[in-house]
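These notes are about the structure you will find just below.
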Amino acid sequence: MTNELDSMCGVSDEEMTERFKEAIRIDNEERRIKGEPVAKYDNEKRRAYLEFPDGRRQYAN
């Protein structure tokens, strides 16, 4: 299925999704290098958390 935006930019939804995933992966890697926490999601607990470089997790309230 092609919408107006796709026909204008020539980028499929699948390609845009892959670009987004790669941008997030790069951002997370940069955060790890800088020693900053990375936002993640725990599927078992169904809660978001920050993972710090030392491995500890801080769950959102």
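Here the CG atom belonging to Asn28 is positioned 11.0 Å from the CD atom belonging to Glu36, to the nearest 0.5 angstrom. Atoms CZ and CG, on Arg32 and Asp27 in that order, are 10.0 Å from each other to the nearest 0.5 Å.
For CZ of Phe20, the number of neighbouring non-hydrogen atoms (other residues, nucleotides, ligands) closer than 6.0 Å is 12 at most.
Taking 4.0 Å as the cut-off between side-chain N and carboxylate O, Glu22 and Arg25 count as a salt-bridged pair.
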Under 3.5 Å, side-chain donor or acceptor atoms of residues 45-56 against the rest of the protein: list the pairs with distances, not counting sequence neighbours.
{"residue": "Arg47", "atom": "NH2", "partner": "Ala60", "partner atom": "O", "Å": "2.5"}
{"residue": "Tyr49", "atom": "OH", "partner": "Arg57", "partner atom": "NH2", "Å": "3.4"}
{"residue": "Glu51", "atom": "OE1", "partner": "Lys40", "partner atom": "NZ", "Å": "3.0"}
{"residue": "Asp54", "atom": "OD1", "partner": "Arg56", "partner atom": "N", "Å": "3.1"}
{"residue": "Asp54", "atom": "OD2", "partner": "Arg56", "partner atom": "NE", "Å": "3.4"}

